[in-house]
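Encoded as structure tokens, the structure appears first; notes follow it.
Scope of the values below: all heavy atoms of this structure, side chains included, with no hydrogens, waters or symmetry mates. In this chain, numbering begins with 1 at the start of the sequence shown.
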Amino acid sequence: MANKQQFDCINFDERFSEHVTQWMGQHQHKYGNDTDRMEAQMPEVYLRWINMPANWLGGRAPALYFTQFDDADDLVRWMCAYFEQKVPVPDPLLERIVELGDPAEQRLDALLRDPNAPYEAVLTAMSLLRELCSALPMALYVHTIAACPQANEQVDMAAEALLGMGPAVAPEILAVLPAATEAAETIFLDVLCNFPGDERIYDLALRKFIAAQDNRALYASYLGKLGDPRAIPALLAAAESTETNYLDFIEINNAIDELGGDALPERDFTGDPYYESLKRVRG
């Protein structure tokens with residue numbers, strides 16, 4: 001496999017569809033027109049198919065086809081070739097990449113930094129690195145988020161990965177926070193509120209809550225998770241505002257309760273669209 005042109009991107013999905021069509025023809029007499037019963041059999045049909053030796057794979061079962069290859073670089077480039085040729089990537093290929101462990105981790109991390117890599121391949125590499133519990137791309141994810149003008153799929157996946165890396169991400173994030181975009185601040189805060197203890201995290205959460213024009217419930221929940229009772233006065237002030245809608249009020253009340261404050265007195269939210277909508281749902 002010296003270059004990507006040599007990679008044979010076999011369409012496993014197409015082959016399985018052909019098998020299903022054949023299977024349905026063979027079992028039509030048993031199920032008749034009951035498509036629901038036939039669909040219920042699909043997981044079992046797939047399990048048998050993926051473990052059955054196939055002529056189109058030289059006698060190997062689809063589940064085991066990629067186990068004959070152990071070069072992480074080749075396998076990751078093969079994955080990219082699938083994306084470039086717009087052929088569905090077989091699950092056994094992705095599973096084999098993960099099975100290789102450290103060599104695959106290094107190669108997938110390199111793929112993230114390749115400006116010519118297919119976007120879908122980058123997202124898949126991020127997913128595989130999470131399966132490998134890798135912290136290699138921590139700094140890359142932090143800097144990618146810090147510069148983002150708004151959330152997107154790649155940024156969301158990076159944030160989820162950072163959360164899974166544990167408390168070690170907090171110093172990395174806090175180091176870039178002063179230069180982070182406004183959108184990045186919120187994304188980072190969603191991660192940082194799980195690792196309380198640094199004053200800068202509390203300051204950011206409080207600032208974002210006070211400045212919020214909408215989505216105040218989100219920032220109230222962050223303050224509740226951080227567990228710092230100094231936030232109670234700001235939460236109370238927001239709760240008393242006539243501009244606070246019903247959903248924000250509920251989340252603010254929950255945050256105050258988490259922080260050990262007294263429950264808020266009930267307010268009349270008649271006419272509030274959120275309140276009226278929930279009222280109709282509850283009947």
Side-chain angles (χ1 to χ4, degrees), residues 1-13 47 50-51 57-58 60-148 152-176 184 187-188 190-192 194-195:
M1 297 182 199
N3 56 64
K4 67 184 179 183
Q5 284 77 21
Q6 294 178 308
F7 295 141
D8 188 5
C9 295
I10 302 169
N11 194 327
F12 280 49
D13 287 4
L47 191 60
I50 202 167
N51 288 292
L57 290 176
R60 287 184 175 269
L64 301 176
Y65 179 69
F66 294 99
T67 60
Q68 64 186 302
F69 308 103
D70 55 12
D71 187 301
D73 182 63
D74 276 347
L75 287 166
V76 171
R77 288 168 57 225
W78 203 346
M79 178 187 78
C80 290
Y82 265 96
F83 283 113
E84 288 165 353
Q85 296 178 33
K86 302 189 184 307
V87 178
V89 183
D91 286 339
L93 170 55
L94 302 180
E95 291 164 5
R96 180 57 179 157
I97 291 172
V98 172
E99 284 173 2
L100 292 178
D102 290 345
E105 182 183 6
Q106 298 286 338
R107 183 60 182 83
L108 291 167
D109 182 66
L111 175 61
L112 299 183
R113 303 163 199 279
D114 180 358
N116 298 315
Y119 180 68
E120 296 85 355
V122 171
L123 297 183
T124 302
M126 294 174 72
S127 178
L128 297 180
L129 283 163
R130 283 196 70 186
E131 286 191 51
L132 289 163
C133 300
S134 175
L136 278 181
M138 181 190 295
L140 175 63
Y141 290 166
V142 167
H143 285 88
T144 297
I145 295 172
C148 74
N152 57 52
E153 187 176 8
Q154 186 174 358
V155 163
D156 289 343
M157 288 183 68
E160 290 173 9
L162 288 175
L163 181 58
M165 293 177 195
V169 304
E172 293 278 348
I173 294 173
L174 290 168
V176 303
I187 296 167
F188 280 145
D190 192 55
V191 176
L192 291 171
N194 295 279
F195 311 115

Checklist entry - Per the side-chain contact (heavy atoms from CB on, under 4.5 Å) rule, which among Leu94, Val89, Val76 passes with Thr124? => result Leu94
Checklist entry - Between Asn11 and Pro90, is any pair of side-chain heavy atoms under 4.5 Å apart? => result no
Checklist outcome for this item: d(Arg60 CZ, Gln68 CD) to nearest 0.5 Å is 4.0 Å
Checklist entry - What about Tyr82 and Phe12, are their ring centers closer than 6.0 Å? => result no
Item to check | Minimal non-hydrogen separation, Leu93 against Phe66, with atom names | outcome: N-CD1, 3.4 Å
Item to check | Nearest-0.5 Å distance, CD1 of residue Ile50 to CG of residue Asp91 | outcome: 7.0 Å
Next on the checklist: Between Met79 and Leu128, does the side-chain contact (heavy atoms from CB on, under 4.5 Å) criterion hold? Intermediate values first, please.
Outcome noted: CA-CA 12 Å; Met79 178 187 78; Leu128 297 180; 4.2 Å; yes
Checklist entry - CD/Glu95 to CG/Leu100 distance, rounded to the nearest 0.5 angstrom? => result 12.5 Å
Item to check | Leu132 to Gly101 - nearest heavy-atom pair and separation | outcome: CD2-CA, 4.0 Å
Next on the checklist: Please determine whether side-chain contact (heavy atoms from CB on, under 4.5 Å) holds for the pair Tyr141 and Met157, giving the CA-CA distance in whole Å, both sets of side-chain angles, and the decisive distance to 0.1 Å.
Outcome noted: CA-CA 9 Å; Tyr141 290 166; Met157 288 183 68; over 6 Å; no
Checklist entry - Parallel, tilted or perpendicular: which describes the rings of Phe7 and Trp78, with under 30° parallel and over 60° perpendicular? => result parallel
Checklist entry - Are Leu174 and Leu192 close enough, and set up right, to give a side-chain contact (heavy atoms from CB on, under 4.5 Å), and what steps lead you there? => result CA-CA 9 Å; Leu174 290 168; Leu192 291 171; 4.2 Å; yes
Checklist entry - Can you list the steps and then say if Asp74 with Phe69 is a side-chain contact (heavy atoms from CB on, under 4.5 Å)? => result CA-CA 8 Å; Asp74 276 347; Phe69 308 103; over 6 Å; no
Checklist entry - Just how far is it from atom NZ of Lys86 to atom SG of Cys9, taken to the nearest 0.5 Å? => result 12.5 Å
Next on the checklist: I'd like to check Ile145 versus Leu162 (side-chain heavy atoms, cut-off strictly below 4.5 Å). Are they in contact?
Outcome noted: yes
Checklist entry - What closest approach, in Å, do Ala158 and Met126 show between heavy atoms, and which atom pair accounts for it? => result N-CE, 3.4 Å
Next on the checklist: Please give me the minimum heavy-atom distance between Ser134 and Met165, naming the atom from each residue.
Outcome noted: O-CE, 3.4 Å
Checklist entry - Taking side chain as C-beta onward, heavy atoms only, is Leu129 less than 4.5 Å from Leu112? => result yes
Checklist outcome for this item: Minimal heavy-atom distance between Arg113 and Pro137, with the atoms involved, is NH2-CA, 4.0 Å
Checklist entry - With a 4.5 Å heavy-atom cut-off, do Arg107 and Arg77 have their side chains touching? => result yes
Checklist outcome for this item: Between the CD atom in Gln106 and the CG atom in Asp73, the distance rounded to the nearest 0.5 Å is 12.5 Å
Checklist outcome for this item: Between the CD1 atom in Ile187 and the CG atom in Asp190, the distance rounded to the nearest 0.5 Å is 9.0 Å
Item to check | Flag, side chain of Asn51 to backbone of Leu47, donor-acceptor distance under 3.5 Å | outcome: yes
Item to check | Exam field: side chain Asn194 to backbone Val191, donor-acceptor pair closer than 3.5 Å | outcome: yes
Next on the checklist: Checking the side chain of Arg96 only, and the main-chain atoms of Leu75 only, is there a donor and an acceptor separated by less than 3.5 Å?
Outcome noted: no
Checklist entry - Which atoms form the tightest heavy-atom contact between Glu105 and Ala135, and what is the distance? => result OE2-N, 4.2 Å
